Amino acid sequence: MTQLDAEDAKLMTLARSARGRTGAPEGAAVRDTDGRTYLAATVALPSLRLSALQAAVAAAVSSGVQGLEAAAVVSAASEVEAAGLAAVHDLTAGAPVHLAAPDGTLVATV
């Protein structure tokens, strides 16, 4: 697996921090086309369930973001969950989504 560039490595650090701070199963971060970042952890309430990536995209969209440059997810899962990936690609079809294990090891880029 290739190394991330510096900006995507920052996204991964933010995603790891969101996961670690909350103890959630996943953490995610997205970077918009202006370079601003949004991060989130898994939301698991009785009335609302969002993956970390869905929550990060929702935070970006609620701030008026029109496009994304990249996203990062930290999870024990072996692949990025489909709904979160779809949310990223709803904004920008070609935006890369990087998946890392909890220890920060890059697993895949989709």
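Note that this is a predicted model, so its numbers are computed, not measured. The figures that follow rest on heavy atoms only: side chains count, while hydrogens, waters and symmetry mates do not.
Shown here for Gly27 and Ala18, the closest heavy-atom pair between the two residues is CA-CB, 4.4 Å. Closest approach of Ala29 to Leu11, counting heavy atoms only: CB-O, 3.5 Å. Here the closest heavy-atom approach between residue Ala56 and residue Ala40 is recorded as N-CB, 3.5 Å. Residue Glu26 comes nearest to Ser51 through the heavy atom pair OE1-CB, 3.9 Å, listed as atom of the first residue, atom of the second, then distance. Of all the heavy atoms in Ser78 and Val107, the pair that sits closest is O-CG1, 4.2 Å. The heavy-atom pair separating Val74 from Ala101 by the smallest distance is CG1-O, 3.6 Å.
Panel note: side chain Asp34, backbone Arg36; no donor-acceptor pair is recorded below 3.5 Å. Thr92 contributes no side-chain N or O that, together with a main-chain N or O of Ala95, makes up a donor-acceptor pair within less than 3.5 Å.
A salt bridge links Asp8 with Arg31: the distance from a Lys NZ or Arg NE/NH1/NH2 to an Asp or Glu carboxylate oxygen falls below 4.0 Å.
Hydrophobic clustering, with ILVMFWY side chains joined whenever heavy atoms are under 4.5 angstrom apart, keeps Val65 apart from Leu14. Under the 4.5 Å side-chain heavy-atom criterion for Ile, Leu, Val, Met, Phe, Trp and Tyr, Leu85 and Val61 are members of the same hydrophobic cluster. In terms of hydrophobic clustering, with Ile, Leu, Val, Met, Phe, Trp and Tyr side chains grouped at heavy-atom distances under 4.5 Å, Tyr38 and Val97 are assigned to a common cluster. A continuous path of Ile, Leu, Val, Met, Phe, Trp and Tyr side chains, each step under 4.5 Å between heavy atoms, connects Leu91 with Val80, placing both in one hydrophobic cluster.
Side-chain atoms of Leu99 and Val110, non-hydrogen and from C-beta on, never get closer than 4.5 Å to each other. Counting heavy atoms from C-beta on, the side chains of Arg21 and Leu39 come closer than 4.5 Å. Side-chain atoms of Leu4 and Leu106, non-hydrogen and from C-beta on, do get closer than 4.5 Å to each other. Using a 4.5 Å cut-off on side-chain heavy atoms (C-beta onward), Arg19 and Ser17 make no contact. Within the 4.5 Å cutoff, the side chain of Val30 has no heavy atoms near those of the Asp32 side chain.
Using modelled atom types and a 3.5 Å distance limit, the side chains of Glu69 and Thr33 yield no donor-acceptor pair.
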Side chain to side chain contact (heavy atoms under 4.5 Å, CB included) between Val88 and Leu53, intermediate numbers included: CA-CA 8 Å; Val88 169; Leu53 187 53; 3.8 Å; yes

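The CG atom of Leu68 lies 11.5 Å from the OG1 atom of Thr37; values are rounded to the nearest 0.5 Å.
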